[in-house]
Amino acid sequence: MPSIQKLLIANRGEIALRVACTARRMGIATVAVYSQADRNADFVKACDEAVCIGAAPARSSYLDIDKVIAAALSTGADAVHPGYGFLSENEQFASACEQAGLIFVGPPASAIAAMGSKAAAKALMQAAQVPLVPGYHGDDQSAAVLHAHADAMGYPVLLKAASGGGGKGMRVVHESADFTSALLSCQREALSSFGDARVLIERYLTQARHIEVQVFADQQGNCVHLFERDCSVQRRHQKVLEEAPAPGLSLAMRAAMGAAAVAAAKAVSYVGAGTLEFIVEPDGRFYFMEMNTRLQVEHPVTEMITGLDLVALQLKVAQGEPLPFGQDELSINGHSVEVRVYAENPAQDFLPSMGRLAHLSYPPSGQFKVNQNPLRDDVFYSGQPFALRIDGGVKSGDEVTGYYDPMISKIITWGPTRDAALARLQTALSNTRIVGVHSNIAFLKRLIQDTDFVTGTLDTALISRRRDSLFPAPVLNYKAVAVALLAIELGRPGAQGRATSESADPWQSLKNWRLAGEVTHQRELAFNGENVTCSWQISAGQSAGFAVGDDQKMQHLRWNAPVFLSELAFEVNCELNDEYLSAGVVWQSDQLHVFVQGEHHVLNWLDPLKKAGEQQVAAGGLTAPMPGKVIAVMVKAGDTVKKGQPLLVMEAMKMEHTLQAPQDGVITACHFNVGDQVSEGVAMLEFQ
């Protein structure tokens with residue numbers, strides 16, 4: 001088979017950048033396809049050519065097989081890499097590539113068909129005597145039959161999209177009365193995300209680990225496993241953190257799971273990169289869940305511990321080259337952890353957050369041994385693994401929209417031990433700054449410090465089990481207050497052209513200059529919905545005293561000249577009561593984002609010169625928690641509702657979110673219908 005000369009990447013964001021990076025090192029030209037929403041995205045600029053294939057919705061662009069194939073043919077590409085998500089596990093797409101004379105960088109369509117449907121894959125594994133979670137995987141999809149099987153199985157049960165992945169189209173049902181509404185929601189989400197409303201039912205294992213095994217096979221029939229990854233830490237059935245190898249896994253268990261994974265891949269004549277996912281009970285019994293017939297989001301942790309470039313391997317295998325190693329030549333080196341940085345609000349059940357990234361920055365390279373191109377073209381790389389890797393697809397100024405997954409980036413660290421990798425990850429998270437959307441950075445920091453996580457007590461219920469410690473109530477930090485007051489004193493960075501003038505004329509300065517004496521200002525900040533009055537007293541030079549609230553004890557702050565990074569951000573070194581602080585501030589209107597000692601604090605300055613009207617929602621109203629599309633309305637004006645009753649369903653970022661009645665009452669007005677687009681904060685319903 002001839003070598004690949006030009007590669008079309010049928011995906012977007014960080015995975016498109018990741019594939020383009022390896023292709024470039026291998027001397028392969030690249031073609032990006034993009035939607036209108038991604039016109040200015042980095043992955044478009046990173047490729048040699050780019051073709052717009054449609055409007056922002058994925059069904060009009062990234063999921064349109066004909067448009068992708070046409071883009072490949074018109075640009076002279078001879079191969080297509082599907083990335084993950086979108087069409088990566090679509091057998092029709094793999095077949096279309098083959099019929100068009102294009103090399104599909106993935107398994108044959110027959111293997112995707114065999115494993116792409118969870119129901120069909122489970123039937124195949126059952127025939128091969130691979131242990132399965134008890135459940136129903138049948139063809140009869142009538143609501144009555146599905147409900148009867150769930151009742152017979154006993155609750156809780158897990159509904160799963162038969163053709164799904166990524167946690168979409170999944171619902172846990174705890175009792176029979178909730179089954180019908182959960183089924184309808186699951187089917188809608190499955191149809192929207194995968195074009196297939198079929199579901200399967202499994203017994204829901206409440207204290208189980210999620211462990212997956214990376215396999216790789218070539219066209220000559222050779223197949224190996226590249227060890228395992230633990231993906232137990234999840235929210236909404238989607239992975240939040242992955243690590244390799246799995247903590248506490250015995251050598252015997254690793255060998256057994258690896259052998260089962262290889263056997264499963266060989267059973268469908270698999271080719272390329274694939275992942276076998278298993279659910280593991282506390283007693284060590286493991287069950288086949290599904291096979292992902294593509295590269296996984298979490299593949300970097302496997303690369304970090306094996307020294308392999310999995311994308312390079314994919315391209316070489318697609319060209320017909322045999323695997324350059326056998327199972328006995330592979331070994332584990334150290335430990336690697338990956339976290340997914342999402343635009344979401346963990347405090348509000350991880351609701352997606354949309355908007356412009358006003359500021360996005362990662363740790364400076366001087367803090368770590370960083371290599372932007374860590375993986376060599378010859379598949380292996382030599383020397384000590386790098387300590388930090390960041391795979392991202394967005395930058396400051398980019399929009400996080402509701403059309404695609406809300407992942408901002410992946411932060412991956414390596415260490416000789418798990419503790420070392422986690423320590424490096426803690427440092428990396430402490431120096432990652434995101435302003436403009438909510439993010440899960442603070443949550444991830446608490447997560448990797450959690451006692452159960454640190455000790456390796458992992459299961460898929462960890463987040464819900466440790467909710468009290470992972471979601472603490474916000475606490476006002478006086479160090480953050482000090483930096484916020486200093487930020488107000490210094491003024492917005494955009495005004496610094498006048499504020500830092502070297503002129504001795506006080507009228508040319510924005511400083512609080514006086515002829516004589518000191519003056520104490522009263523400044524009001526808002527934190528977590530409550531106002532805080534602060535006293536601020538400027539002394540000679542770059543120093544001040546301040547007190548917070550009713551505390552009359554004066555704190556003392558000194559600072560060096562700030563370093564202004566942009567019209568929104570600056571860095572400053574301070575001394576607070578003889579304690580050294582290095583802080584960063586990002587202004588967003590009158591909102592101050594203060595980064596100090598690895599923590600992110602948000603305070604609002606209540607500028608006395610502004611007379612901003614208060615925005616109030618009428619009592620009894622229910623507002624949209626995010627921008628999105630209304631896909632179901634279950635009530636109408638005049639209906640009596642009970643507390644917790646589903647009222648309306650919104651869709652954003654491919655996920656459904658149900659708004660429930662906060663109390664018993666009567667609906668007095670419905671302001672939106674199915675199909676309407678709504679903005680965050682608008683009144684959706686009113687009730688008494």
Side-chain angles (χ1 to χ4, degrees), residues 88-91 94 106-141 146 149-150 153 157-167 169-170 190 194 196 198-205 208-217 221-232 237 246 249 252-281 283-296 327 460:
S88 61
E89 294 182 282
N90 186 305
E91 62 267 26
S110 58
I112 297 176
M115 288 297 197
S117 165
K118 289 182 172 66
K122 287 179 183 295
L124 184 65
M125 293 299 101
Q126 191 170 32
Q129 298 184 333
V130 176
L132 302 176
V133 178
Y136 173 74
H137 318 124
D139 293 329
D140 191 334
Q141 292 285 299
L146 293 171
H149 276 283
M153 196 179 306
V157 299
L158 180 65
L159 294 172
K160 301 172 69 173
S163 299
M170 295 179 69
F194 314 111
D196 184 355
R198 291 177 302 129
V199 302
L200 52 86
I201 310 172
E202 292 179 349
R203 179 165 64 88
Y204 184 60
L205 305 176
R209 293 175 71 177
H210 184 155
I211 296 178
E212 61 188 28
V213 179
Q214 176 75 61
V215 295
F216 229 104
N222 303 305
C223 184
V224 299
H225 69 81
L226 306 180
F227 312 108
E228 80 287 345
R229 301 182 286 254
D230 192 301
C231 306
S232 300
H237 311 293
L249 198 68
M253 185 86 166
R254 175 173 294 133
M257 294 182 75
V262 169
K266 287 185 173 182
V268 293
S269 302
Y270 198 78
V271 174
T275 302
L276 278 295
E277 304 203 11
F278 298 94
I279 197 82
V280 183
E281 295 206 79
D283 61 7
R285 287 180 297 172
F286 64 90
Y287 307 101
F288 170 82
M289 288 174 56
E290 63 189 35
M291 182 177 188
N292 291 301
T293 53
R294 54 173 167 79
L295 199 65
Q296 292 279 89
Q327 190 69 60
T460 54

Give me the atom names and distance for the closest heavy-atom approach of [X] to [Y].
X    : Y    : answer
P108 : S269 : CG-O, 4.0 Å
Y270 : A111 : CD1-CB, 3.9 Å
V215 : A261 : CG1-CB, 3.7 Å
V224 : V262 : C-CG2, 3.9 Å
A265 : M291 : CB-CE, 4.4 Å
F288 : L132 : CD2-CD2, 3.7 Å

For the atom pair [atom1] ([X]) and [atom2] ([Y]), what is the distance rounded to the nearest 0.5 Å?
X    : Y    : atom1 : atom2 : value
L146 : L200 : CG    : CG    : 9.5 Å
R209 : F286 : CZ    : CZ    : 13.5 Å
E202 : L159 : CD    : CG    : 10.0 Å
M125 : M289 : CE    : CE    : 14.5 Å
K266 : N222 : NZ    : CG    : 7.5 Å
F227 : M257 : CZ    : CE    : 14.0 Å

H225 backbone acceptor or donor facing Q327 side chain under 3.5 Å: yes
A quick test of your reading: do over 12 heavy atoms of other residues, nucleotides or ligands sit less than 6.0 Å from CG of D140? yes
For D283, give me all partners under salt bridge (Lys or Arg N to Asp or Glu O under 4.0 Å), at least two apart in sequence or on another chain. R285
Out of H210, M253, E228, which one pairs with V280 under the side-chain contact (heavy atoms from CB on, under 4.5 Å) rule? M253
Test applied, side chain to side chain donor-acceptor pair (under 3.5 Å); reference residue, T275; option that passes from R229, E212, E290, R294: R229
